[in-house]
Amino acid sequence: MTKPPGKLLPLVAALLCGAVLAQAAQPSDSSNTSAASTVETSSEHGPLSTPITRKQGTSSGTRKPQRPAQPKHPNATTAPDDWNLTGHGKVLYLTFDDGPQPEWTPKVLQVLRKHKAHATFFVLGIQVAQFPDLLTLERAAGHHVGNHTWDHKTLTHLPDAKMRQEIASGVKSKCLRPPTGATNAKIEATAAALHQRQVLWDVDTKDWTKPGAARIEHAILAGARPGAIILMHDGGGNRSETVAALDRALTTLTKQGYTYHALPC
């Protein structure tokens, strides 16, 4: 397994130390903790689909893009309070896909720490197997971790057994984000059987296209509203634009009164 480059070890160690100290100094408050096609994890991110809201009885190929409704809890007809994302005031839910990655994940964590922001990292099992210390670092800093499958295959293209294996082999979590957002009733039911709630997003920054930091920043600011889930990436390619845009956007949004929680994953 590859190890993080030697020049990153001091940065990772310093972040981990600071995260542990910060976690120890602050009381835990679970109510306020803040919660795509086949690609090779070492290459650039492939095309992402537009975020979609699953409608019962429809296939992933026929659904129209729209703002995701609050997802249904797999074991109840009424969503629990933890998933009332719009009920906590000016709270945003920052999410990062395709990591952990030894260069960009620590830099994203630095920005989040600077702005006292908690986020949710939807990680790939294959990446966690290579960089387990980065997963520890994320959790020690108070962030939450979601399952993004084992190696980013589009689940709707797989036979049932392989689809289930991709989900089950990912990191243990209460949440699943299917790669590309491609899903259907069978995938959602499989996730529920594994006690994982399917989580998509409200705002796609399209940072994987490398449109420039200014456009990523604009997407974050334009999509910001209480309870919004914002999609970004810390893996899958060079994320320098994402890091710069995140820093600038959080500076602006904090002045507007926003705070940043992890999803209850």
Sequence neighbours excluded, which residues qualify as side-chain hydrogen bond (donor to acceptor under 3.5 Å, both in side chains) partners of [X]?
X	value
Thr252	none
Glu217	Arg248
Lys114	Asp247

Separation between [atom1] of [X] and [atom2] of [Y], rounded to the nearest 0.5 Å:
X	Y	atom1	atom2	value
Gln130	Asp133	CD	CG	13.0 Å
Leu221	Thr205	CG	OG1	11.5 Å
Leu137	Thr105	CG	OG1	9.0 Å
Glu241	Thr209	CD	OG1	8.0 Å
Phe121	Leu94	CZ	CG	9.0 Å
Ile230	Asp207	CD1	CG	11.5 Å

Q: Indicate yes or no: does Arg177 engage Asp97 in a salt bridge with an N to O separation below 4.0 Å.
A: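 Judged by the 4.0 Å cut-off on N to carboxylate O distance, Arg177 and Asp97 do form a salt bridge.
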Q.
Under the rule for salt bridge (charged side-chain N to carboxylate O under 4.0 Å, His left out), what residues qualify as partners of Lys186, not counting sequence neighbours?
A.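 Applying salt bridge (charged side-chain N to carboxylate O under 4.0 Å, His left out) to Lys186 gives Asp160.
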Q.
Lys172: which residues meet the salt bridge (charged side-chain N to carboxylate O under 4.0 Å, His left out) condition with it, sequence neighbours left out?
A.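 Lys172 satisfies salt bridge (charged side-chain N to carboxylate O under 4.0 Å, His left out) with no other residue.
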Does the [X] side chain pair with the main chain of [Y], one donor and one acceptor, at a distance under 3.5 Å?
X	Y	result
Ser169	Glu166	no
Thr149	His152	yes
Lys90	Gln256	yes
Arg225	Gly223	yes

Q) What residues form a side-chain contact (heavy atoms from CB on, under 4.5 Å) with Ala224, not counting sequence neighbours? A)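 Expected list: Leu92, Leu253, Tyr258.
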Q | Partner residues of Val128 under the side-chain contact (heavy atoms from CB on, under 4.5 Å) criterion, sequence neighbours left out | A |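 Once residues adjacent in sequence are excluded, the partners of Val128 under the side-chain contact (heavy atoms from CB on, under 4.5 Å) criterion are Pro100, Val123, Leu135.
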Measure the shortest side-chain to side-chain distance between [X] and [Y] over non-hydrogen atoms and say whether it is less than 4.5 angstrom.
X	Y	result
His233	Thr242	no
Thr120	Tyr93	no
Ile229	Leu200	no
Gln196	Ile167	yes
Glu138	Asp234	yes
Thr251	Lys255	yes
Leu246	Leu112	yes

Is there a path of hydrophobic side-chain contacts, each under 4.5 Å between heavy atoms, that joins [X] and [Y]?
X	Y	value
Met232	Trp104	yes
Ile220	Leu109	yes
Ile187	Trp150	no
Tyr260	Val243	yes
Leu231	Trp83	yes

Name all pairs fulfilling the disulfide (SG to SG under 2.5 Å) condition that reach into [range], sequence neighbours left out, sorted by first residue then second.
range	answer
residues 101-183	Cys175-Cys265
residues 120-155	none
residues 90-172	none
residues 179-248	none

Q: Answer yes or no: does atom NE2 of His115 have more than 12 heavy-atom neighbours from other residues, nucleotides or ligands under 6.0 Å?
A: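 Yes.
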Q: Return the set of residues passing ring pair (Phe, Tyr, Trp, His ring centres under 6.0 Å) with Phe122 (not counting sequence neighbours), or none when no residue passes.
A: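 Partners of Phe122 by the ring pair (Phe, Tyr, Trp, His ring centres under 6.0 Å) criterion come out as none, since no residue qualifies.
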Q.
Does the plane of the ring in His143 sit parallel, tilted or perpendicular to the ring in His118? Use 30° and 60° as the thresholds.
A.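 Rings of His143 and His118: perpendicular, as their planes differ by over 60°.
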Q: Classify the side-chain pair Gln127/Asp98 by whether it contains a donor and acceptor separated by less than 3.5 Å.
A: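 Note: Gln127 and Asp98 side chains miss the donor-acceptor criterion.
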Q) Are side-chain N/O atoms of Thr183 and Gln198 paired as donor and acceptor at under 3.5 Å? A)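 A pair is found: one side chain offers a donor N or O, the other an acceptor, under 3.5 Å apart.
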Q | Minimum-distance pair of heavy atoms, taken over all atoms of Ala191 and Leu176 | A |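 Smallest interatomic distance, heavy atoms only, reads CB-CD2, 3.7 Å.
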